K.L.:
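Next up is a structure, given as structure tokens.
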Amino acid sequence: MTNKISFIRSTHLAHVDYAYASRVPSDMDLLFLAGACPLNKEGEVPHAQDYTLQAKLCVENMKEVLKESGASL
């Protein structure tokens, strides 16, 4: 059995560069990330006016959740 995600492109909708949907085989694990907020360990949003630093914190938070889930970027 192959573990391939298939991309569904519709011939009845506008021709676009992306797939309208994708199908994941039932034997594959899915990990959904939520709450990618720029929160520090205290639950505060640091760097109120520095959106670059906030974005970096969001990515670091996501990387930590992925690591704890046995996954990575």
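Note: hydrogens, waters and symmetry copies are ignored here, and every other heavy atom, side chains too, is used. Note that this is a predicted model, so its numbers are computed, not measured.
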K.L.:
How is the hydrophobic cluster of Leu30 composed, in terms of its other members, when Ile, Leu, Val, Met, Phe, Trp and Tyr link through side-chain heavy atoms under 4.5 Å apart, directly or indirectly?
P.N.:
Ile5, Val24, Met28, Phe32
K.L.:
Is there side-chain contact between Asp29 and Leu31, with at least one heavy-atom pair below 4.5 Å?
P.N.:
no
K.L.:
Among residues at least two apart in sequence or on other chains, which ones pass ring-ring contact (aromatic ring centres under 6.0 Å, His included) with Tyr51?
P.N.:
none
K.L.:
Suppose clustering is done on Ile, Leu, Val, Met, Phe, Trp and Tyr with side-chain heavy atoms closer than 4.5 Å. Which residues sit in the same group as Phe7?
P.N.:
none
K.L.:
Using a cut-off of 6.0 Å, state whether more than 12 heavy atoms not belonging to Arg23 lie near its atom CZ.
P.N.:
no
K.L.:
Anything under 3.5 Å between a donor and an acceptor, one on a side chain of residues 38-50, the other on a protein residue two or more places apart or in another chain? List them.
P.N.:
from	atom 1	to	atom 2	distance (Å)
Asn40	OD1	Glu42	N	3.0
Asn40	OD1	Gly43	N	3.1
Asn40	OD1	Glu44	N	2.9
Asn40	ND2	Glu42	OE1	3.4
Asp50	OD1	Thr52	N	3.2
Asp50	OD1	Leu53	N	3.1

K.L.:
How long is the gap from CG on Asn61 to NZ on Lys56, to the nearest 0.5 Å?
P.N.:
14.5 Å
K.L.:
Taking distance alone, no hydrogens or angles, what donor-acceptor pairs closer than 3.5 Å link side-chain atoms of residues 63-73 to residues at least two apart or in another chain?
P.N.:
from	atom 1	to	atom 2	distance (Å)
Lys63	NZ	Glu60	OE2	3.4
Ser69	OG	Val65	O	2.9

K.L.:
How many angstroms lie between CE in Met62 and SG in Cys37, if you round to the nearest 0.5 Å?
P.N.:
10.5 Å
